[in-house]
Protein chains: 2
Amino acid sequence: MNIGDASARSGVSAKMIRYYEQIGLIPQARRTASGYRDYAEADIHMLRFIARARDLGFPVAEITDLLDLWRDTGRRSADVKALAQARVRELRQKIAHLQEMATTLEDLARSCAGNDRPDCPILRSLEAPPRGGLSKTEDQAQSPTQFNGRIAS
Amino acid sequence: MNIGDASARSGVSAKMIRYYEQIGLIPQARRTASGYRDYAEADIHMLRFIARARDLGFPVAEITDLLDLWRDTGRRSADVKALAQARVRELRQKIAHLQEMATTLEDLARSCAGNDRPDCPILRSLEAPPRGGLSKTEDQAQSPTQFNGRIAS
DNA sequence: TATGGGGCTTCCCACCATGGGAAGGTCAAG
DNA sequence: CTTGACCTTCCCATGGTGGGAAGCCCCATA
């Protein structure tokens with residue numbers, strides 16, 4: 001089976017299949033005499049597994065572990081569950097962050113007249129952030145743990 | 001004022017200040033005789049505006065418009081409000097997407113024993129997605145509108 | 001059999017926002 | 001004048017994904 005068929009049957013674009021191979025997420029595909037990648041049913045199965053895991057928000061790096069567990073018939077289901085739960089926690093964290101941004105913005109928008117006049121609380125708020133107390137240039141160290149950047153987009 | 005001070009006072013890293021200048025979000029900074037960027041109070045003000053807008057989830061591209069409105073004293077507050085609301089809608093959409101992923105994963109995790117046995121509904125689900133009806137290789141066209149990729153991370 | 005069109009290959013570029021780091025110039029304090 | 005902190009530019013990496021070019025390959029139809 002050519003990469004095009006594998007793509008159509010797995011839902012993973014040909015570009016991505018090559019990429020996954022390149023980064024070592026999936027093994028290097030067999031090649032035909034002329035250099036075409038050649039896939040079997042088992043490969044489609046694996047690709048679908050990957051697509052589904054991506055749908056559920058697993059980063060590619062983590063899917064490696066998931067695939068290992070999938071293939072390991074002697075696995076402990078607790079290990080799989082732990083992975084899923086860690087993912088849920090991260091998703092919830094991102095959600096909370098976005099929620100906070102949305103709520104704040106919504107509040108600001110609500111308090112804006114939205115007419116032809118220039119006066120606008122949104123812009124005023126952008127000028128002078130309402131964040132508690134950070135001004136002395138020192139205290140913005142705020143743990144470089146999870147939120148390095150701003151939006152989790 | 002050097003870029004380091006501007007950074008400390010605005011909360012925007014020096015790296016980012018240079019980047020914003022490079023992509024044209026902020027004007028090119030004045031330079032001292034020796035080539036150092038030199039900032040004034042007004043620049044700090046602008047950088048803080050940008051930082052705050054990023055905090056609220058505005059993509060850099062959109063901040064250009066925001067800055068234009070900010071500087072335009074003859075603006076209509078309705079224009080600002082529209083921008084904010086569009087952003088809120090996008091945030092809500094991302095939230096909904098993440099929420100769905102989290103819920104699904106959580107359901108799966110709940111139904112997984114999480115013990116030493118290998119049997120695991122999570123992996124089973126990854127093998128065979130529970131999505132309504134997509135199997136015949138044709139129907140996965142699913143409108144390439146907003147969700148080009150999977151996770152909105 | 002020749003030709004054309006569609007599929008395959010690799011390679012590079014772009015996104016978005018951010019950080020890391022190297023190589024080299026500058027400034028201010030000691 | 002030396003030293004160390006700062007500045008400059010330039011390149012690279014991230015994470016997934018798509019776009020596209022240049023050049024083979026394969027098959028069907030004329």
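Chain A is the first sequence line, chain B the second, and so forth, proteins listed ahead of strands; every chain is numbered from 1.
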Could you give the [atom1]-to-[atom2] distance, from [X] to [N], as a whole number of Å?
X     : N      : atom1 : atom2 : result
B/K94 : C/dC16 : NZ    : C1'   : 10 Å
B/E21 : C/dA17 : CD    : P     : 17 Å
A/D5  : D/dC27 : CG    : P     : 12 Å
B/L47 : C/dA17 : CG    : C1'   : 16 Å
B/I17 : D/dC7  : CD1   : P     : 9 Å
B/E90 : C/dC16 : CD    : C1'   : 13 Å
B/N2  : D/dC6  : CG    : P     : 10 Å
B/M1  : C/dC27 : CE    : C1'   : 17 Å

Identify each atom pair where a protein N or O and an N or O of nucleotides 10-14 of chain D are less than 3.5 Å apart, giving names and distance.
none

Fill in: For A/R89, salt bridge (Lys or Arg N to Asp or Glu O under 4.0 Å) partners two or more places apart
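By the salt bridge (Lys or Arg N to Asp or Glu O under 4.0 Å) rule, A/R89 matches no residue at all.
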
Discussion item. List the residues meeting salt bridge (Lys or Arg N to Asp or Glu O under 4.0 Å) with A/D107, not counting sequence neighbours, and say none if there are none.
Written reply: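 A/D107: salt bridge (Lys or Arg N to Asp or Glu O under 4.0 Å) contacts with A/R110.
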
Item to complete: Can you label the angle between the B/H45 ring and the B/W70 ring as parallel, tilted or perpendicular, going by 30° and 60°?
Response: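 Rings of B/H45 and B/W70: perpendicular, over 60°.
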
Fill in: Distance test, side-chain N/O of A/Y19 to OP1/OP2 of D/dG15, below 4.0 Å
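No, because none of the side-chain N or O atoms of A/Y19 sits under 4.0 Å from OP1 or OP2 of D/dG15.
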
Discussion item. Any side-chain to backbone donor/acceptor pair from A/S77 onto B/A113? Under 3.5 Å, distance only.
Written reply: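 Side chain of A/S77 to backbone of B/A113: no pair is present.
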
Worksheet item: Distance-only, no hydrogens or angles: does the B/N2 side chain make a donor-acceptor pair with backbone N or O of B/G4 under 3.5 Å?
Response: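 No; judged by distance alone, with no hydrogens or angles, the pair does not exist.
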
Discussion item. For the CD atom of B/E90 and the CG atom of A/L98, what is their distance to the nearest 0.5 Å?
Written reply: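 Answer for the CD-CG pair, B/E90 versus A/L98, is 10.5 Å.
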
Worksheet entry | Inter-residue atom distance B/L69.CG - A/C120.SG, 0.5 Å rounding |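 Separation between the atoms: 8.5 Å.
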
Discussion item. I need the residues from residues 29-38 of chain B with at least one non-hydrogen atom less than 4.0 Å from DNA chain C; give them sorted by number, or say none.
Written reply: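 Hits under 4.0 Å, by residue number: B/S34, B/Y36.
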
Worksheet item: Are A/Y39 and A/Y36 joined in one hydrophobic group, where the rule is that I, L, V, M, F, W and Y side chains link up if heavy atoms are under 4.5 Å apart?
Response: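 In one cluster: no.
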
Worksheet item: Of all heavy-atom pairs between B/I3 and B/A14, which one has the smallest distance, and what is that distance?
Response: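 That closest heavy-atom pairing would be CD1-O, 3.7 Å.
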
Worksheet item: Is there any side chain to side chain donor-acceptor pair (under 3.5 Å) pair reaching into residues 56-66 of chain B, and which pairs are they, with sequence neighbours excluded?
Response: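 Non-adjacent pairs meeting side chain to side chain donor-acceptor pair (under 3.5 Å): B/E62-B/R87.
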
Discussion item. Let's go through B/R37 and B/E21 carefully: what are the C-alpha distance in whole Å and the side-chain angles of both, what is the deciding distance for salt bridge (Lys or Arg N to Asp or Glu O under 4.0 Å) to 0.1 Å, and is it a yes or a no?
Written reply: CA-CA 11 Å; B/R37 285 177 183 78; B/E21 176 180 321; 3.0 Å; yes

Worksheet item: Per the end-axis method with five pairs at each terminus, what is the bend angle of the helix from C/dT1-D/dA30 to C/dG30-D/dC1, to 10°?
Response: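 Comparing the axis at each end, I get an angle of 30°.
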
Worksheet entry | Closest listed nucleotide, where the reference is the side chain of B/R18 and the choices are C/dG19, D/dG18, D/dT9 |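 Looking only at heavy atoms from C-beta outward on B/R18, the closest nucleotide is D/dT9.
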
